[in-house]
Each structure stands twice: as structure tokens, then as C-alpha cells.
Amino acid sequence: MKEGFAMLNYHVKIGLAPMRRDVTPRPGIFNWEKAEERGRAAVEYIEKHFASENVSFVDLKGINPVDVMYCEADAEKVIERFNQEKVDAVFIINSNFGNEEIAAQVARGVGKPVCIWAPVDTSFLPDGTRYTDSQCGLFATGKVLRRFGVPFTYMTNCRLTDPEFERGIQDFLAVCNVVDIFRHTRILQIGPRPFDFWSTMCNEGELLEKFNIQLSPIPLPELTAEMKKVKAEGSEVEKVVAYCNTNMCVKIKPEELENVAALKVAMKNLAAKYSCNAIAIQCWNALQGEIGIMPCAANSLLNEEGIPVVCETDIHGAITALLVEAAGRNDKRSFFADWTVRHPDNENGELLQHCGPWPISVAQEKPTIGYPLAFSHPGAVEAQAKLGEMTLARFDGDNGEYSLLLGNAKGVEGPYTKGTYVWVEVQNLKRLEAKIVEGPYIHHCVGIHENVVPVLYEACKYIGIAPDLYDPIEEDVKAYLRGE
């Protein structure tokens, strides 16, 4: 596991690997000096324009006298440097035609997501001389990566200053974030699933074997013991109570609000103790007998901090939340919802709702802490979510096969209901309904107010699951990823 919470410590490190052809240059083709200049210029531009507190780069300075790889000895050094630096991905630049076997060796040796790109060729002299042929080399590099069995992302042949270059870099960074978080996931499982929820059962051993996804199960008494401890200590619980009174309409008793705050602090402490980046909690009904509240509002508070908490011990739901927020590079919070009922007037409308665990920033109004729709205990958040463009997704599997259901939706007006909710419209609800019923999905999904479908679609090739678009938009997604 990475240290701390992967969601809170978002940082992507990319290895930049410009390359040129390793052949004796003939007059007017594969000019070494021009290729090396282009490679160094590309690295300098990327480091200048895209480095930030969340993004860093590792270059080839000192690998050889020209800082551009071109032979097998260079490949070995590059692999060693990138692995020592623990890069999250490799960005290979065809400075001229390049060297496809070296690119493939580096890509396989590092074993992380790979993006290949070639700058537009610009040298055309009156005597017919061409100095680079970078696009031609891009074709060769793709072929050999496939021969090596290395999945890769390709960015369209363009100039450094073209809009599609910036968009391609930003999307690849988001893809890398998804892959990194997926590969460093440990979920705090608080209690077993409720007996009645057979649909949320998961195969813990298979998740570990296939994806290295780990669970840290703890019994409810460990949670309640931690709540007693933080209540006795006082200060953190008091801060949460003050936050709730400032940012929410509190319609529960002071002692009940104190329990909400204690539950929030206790869950965060336990997640840190077990190095978990998400939480799945049983949520009903044994917990209410122990602490007298629903956990929804405490879940909401943690969700707002970027630690996804999902209900009914839905491990696959927690994984989905991590993927969705990572695709948005952790800038926005997601919400965990039930597909519930059809819109009374909109043939393609559906209600997304849950008792009240959605983060405050998702709401279009000041949320209330009150009582949920289906339970008598207090501690659920009530608020309608913002409308607008959304991505909806669900990671799930059965019989050893896993996939990611994903697509777009837009928020629409609809009847008031309790809890946290939003009415959404999709292209074809009957088609979506069939996808969910026929599986491997259930009635739970995760939404986010951003179009992250292309990023999630591209990330699937690296994490070993099938993207499953519930609308026929695959060609549109591919066109976007091509830079169109």
C-alpha cells in the first residue's frame, strides 16, 4: 500500500522517454541532431507546462550525452531509473522515426501505463529532404508494443502547442490516476453485509488475486469502541459538530449529532489505522441498536473529505467510487446511489436516491440532517443534488468476469422525495435497465458531475476489466480519445 490515503495524496509521476533511430544517418533522413533537439524540446515543454504539486516528471538527463534514448543499453538504464523513481506511467516520444524495440522494452520493463506520441514532422526541403518521419515511427511503435503484449494509449500526431496535445496529456494523467488508485486500494469493511442484501456479496479472494484489491474487515464492536474513545477525547468531535451546525440544517438532538460526529471521526481513524482509501459499512440494522443513529450523515461528511463511504457493505460500490473520483483527478466528489423508480413523466427519467450519504458539495441546497425515508433512527442527510451533466458508473462482476458499466446522464426536474436524491435522464432507459438486470450489475451506482467516461473507458485496458457503455457511444468515445 502507498502511505496514507491514495485519494487524499493524489500525485502522478510520469517518466518522459524521447527516442531517436539508432542507425547511421544518411543524407537527409533520420538526422540525429534534429531528432535530439526535438526530443529535448518536447521534454522541456511538458515539464514547464504540466508540472504541478500533483504532477511531476522524470526525464533522461544524464542517461547518455544527448538525453534521448536510442540503443538497448539506454533502454536498460531508462528502465532502472523509472523503476527507482517509481513512476506511475511512461510517455514515449518519437523524436524522429524512433526505435520501436527500445520503446517496447522500456514499456514492458516498467510495467505501467504507456502513452506514445510523435510531434508533427516539419522539415521539408526543396531537394526532397525529410529529417524526421516521426509519424511513420509512431505506426511501428504501436505494432511492436502489441507484439510485446503491452497495452498502451496513443496520442494523435500533433504539435506541442495544439489543443489536442494539452487535452491528451491531461486525460492521460487522469487515466494514470485511475490505474494507480485501483492498484493501491484497500477497503475498510465495517461489519458483514446485511443478511437481506445478497446482491452486495463479493468474492474477496478473487478481488485480491485478480486486482490486488484488499479488504480490512472489522467487527462493529471495534467501531463503537473507537467512537467511545474519540468522544472521551472530545476535540475532533467538537470540530465536526461545529462544522455540521455551520454548513447544514440540523434537525436532530444534540446528543444524536454528537454521535454522528463521533462516528465520522472514528471511521476516519480506523481507515487510517488500516491504511484504507475507502469504506463500506453495514449501516443497518445492528448499528442502530448500538449507537442509536443512522450512519448516513457521518458517511456524507467523510465523502466530502474525499474518503468514499458506501452503504450496505457494497465493496464493489466502494471500488466504483474510487475509480470515478480518480477519473476526475479528485477535484469533485462522487455520490453513491440506488436506481429506484422511473420518472412519472419522462420515459427516460430515473430517480437516483439514497438514505442520505451524499457529500455536501453535491447538493444544490443547504442539506438537512434529519430522518431517512425508510428508517426510524436519525442521522440521514436530506438534499436534492445539483442538476447538469453527469457520469454514472458501476464496477461489478460475477462468475469470475468483471466489467465497468458507464455512461452519461443529465439531471432533470422531478417530484420531491426524502434523503439525498436527483432525477436523471439517459438516452434509453429500457436499454440501461436491461444492462443492469442482465448483469453483472445491481441497483447501486456512483455518479459524478463531470464527463469522465472517456478516461474510465481508456483506464479499463490497464486494470483488466471490460468497459460496458450503456449507450452506443463507443465510436464517439474513441473519436474523443483520438483528439477529434
Side-chain angles (χ1 to χ4, degrees), residues 193-194 196-203 206-207 280 283 308 310-325 327 334-355 357-358 362 373-374 385 389-412 414-415 417 419-454 456-457 459-460 463 465-474 476-477:
R193 63 171 174 83
D196 295 335
F197 270 67
W198 287 47
S199 57
T200 63
M201 69 172 61
C202 77
N203 188 327
E206 194 168 73
L207 289 174
C283 77
V310 302
C311 316
E312 292 141 5
T313 326
D314 183 2
I315 301 299
H316 292 167
I319 295 168
T320 309
L322 287 168
L323 292 175
V324 166
E325 293 207 15
S334 65
F335 56 94
F336 177 78
D338 278 0
W339 302 100
T340 52
V341 296
R342 296 180 64 164
H343 195 289
D345 306 310
N346 186 330
E347 280 299 306
N348 291 309
E350 178 80 9
L351 176 63
L352 297 181
Q353 188 266 352
H354 225 281
C355 301
W358 296 3
V362 167
L373 176 66
E389 182 182 49
M390 303 176 197
T391 295
L392 304 177
R394 171 72 188 183
F395 168 88
D396 219 323
D398 48 41
N399 300 301
E401 299 293 331
Y402 291 82
S403 56
L404 182 66
L405 182 70
L406 70 161
N408 300 115
K410 64 178 181 179
V412 295
T417 190
T420 42
Y421 75 97
V422 65
W423 292 92
V424 298
E425 181 182 1
V426 297
Q427 264 189 34
N428 186 323
L429 183 60
K430 291 181 179 177
R431 181 170 58 216
L432 172 57
E433 179 185 279
K435 284 272 190 186
I436 299 171
V437 173
E438 293 170 358
Y441 314 107
I442 64 169
H443 60 293
H444 289 166
C445 70
V446 174
I448 193 169
H449 286 84
E450 187 174 350
N451 182 12
V452 295
V453 169
L456 290 170
Y457 178 90
C460 284
I463 61 180
I465 61 175
D468 189 3
L469 296 159
Y470 58 72
D471 287 324
I473 59 172
E474 187 167 22
D476 293 336
V477 171

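Numbering starts at 1 and runs along the sequence shown. Every value quoted in this text rests on a predicted model; they were computed, and no experiment measured them.
- By the 4.5 Å heavy-atom criterion applied to side chains, Pro308 and Leu322 are counted as neighbours.
- For the pair Gln427/Pro472, a side-chain contact is recorded, criterion being any heavy-atom separation below 4.5 Å from C-beta on.
- Between the CG atom of Leu406 and the CG atom of Asp471 there is a distance of 10.0 Å, given to the nearest 0.5 Å.
- A donor-acceptor contact shorter than 3.5 Å is absent between the side chain of Gln353 and the backbone of Asp338.
- Checking each of Ile442, Asp468, Val446 against Arg394 for a side-chain contact (heavy atoms from CB on, under 4.5 Å) leaves exactly one that passes, namely Ile442.
- Asp396 approaches Pro440 most closely through the heavy-atom pair CG-O, 3.1 Å.
- Across Tyr402 and Glu206, no two heavy atoms sit closer than the pair OH-OE1, 2.7 Å.
- Annotation: Glu389, atom CD; neighbour count of heavy atoms from other residues, nucleotides and ligands within 6.0 Å is above 12.
- Here the straight-line distance linking atom CD of Glu425 with atom CE of Met390 works out to 11.5 Å at 0.5 Å rounding.
- Leu352 and Cys445 get closest at one heavy-atom pair: CD2-SG, 3.9 Å.
- Under the 6.0 Å cut-off for aromatic ring centres, His354 and His444 qualify, their centroids lying closer than that.
- Checking Asn408 against Asn451 by side-chain atom types alone, a donor-acceptor pair falls below 3.5 Å.
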Quiz item: Yes or no on side chain to side chain contact (heavy atoms under 4.5 Å, CB included) for Leu404 and Tyr441, after CA distance, side-chain angles and deciding distance?
Solution: CA-CA 9 Å; Leu404 182 66; Tyr441 314 107; over 6 Å; no

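- Separating the CG atom in Leu456 from the CG atom in Leu405 is a distance of 11.0 Å, to the nearest 0.5 Å.
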Practice problem: Output, in order, the C-alpha distance, side-chain angles, deciding distance and verdict of side chain to side chain contact (heavy atoms under 4.5 Å, CB included) for Val324 and Glu450. | Solution: CA-CA 10 Å; Val324 166; Glu450 187 174 350; over 6 Å; no

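- Using a distance-only test at 3.5 Å, with no hydrogens or angles considered, no donor-acceptor pair links the side chain of Thr313 to the main chain of Ala280.
- With rounding to the nearest 0.5 angstrom, the OG1 atom of Thr420 is 10.5 Å from the CZ atom of Phe336.
- Minimum heavy-atom separation, Val362 to Ser334: CG2-O, 4.4 Å.
- Atom-to-atom distance recorded for His449:NE2 and Lys410:NZ is 14.0 Å, nearest 0.5 angstrom.
- Within the 4.5 Å cutoff, side-chain heavy atoms of Pro357 are placed close to those of Cys311.
- When every heavy atom of His343 is checked against every heavy atom of Pro415, the shortest pair comes out as NE2-CD, 4.4 Å.
- Shown here for Val453 and Ile473, the closest heavy-atom pair between the two residues is CG1-CD1, 4.4 Å.
- Here Glu350 contributes atom CD and Leu392 contributes atom CG; the two are 10.0 Å apart, rounded to the nearest 0.5 Å.
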Exercise. Show the numbers, then the answer: is there a side chain to side chain contact (heavy atoms under 4.5 Å, CB included) between Ile463 and Leu323?
Key: CA-CA 11 Å; Ile463 61 180; Leu323 292 175; 4.3 Å; yes

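- Side chain of Arg431 to backbone of Tyr470: a donor-acceptor contact under 3.5 angstrom is found.
- Annotation: side chain of Glu474 is in contact with side chain of Tyr457 (closest heavy-atom distance under 4.5 Å).
- Relative orientation of the Trp358 and Phe335 rings is tilted, given thresholds of 30° and 60° on the angle between their planes.
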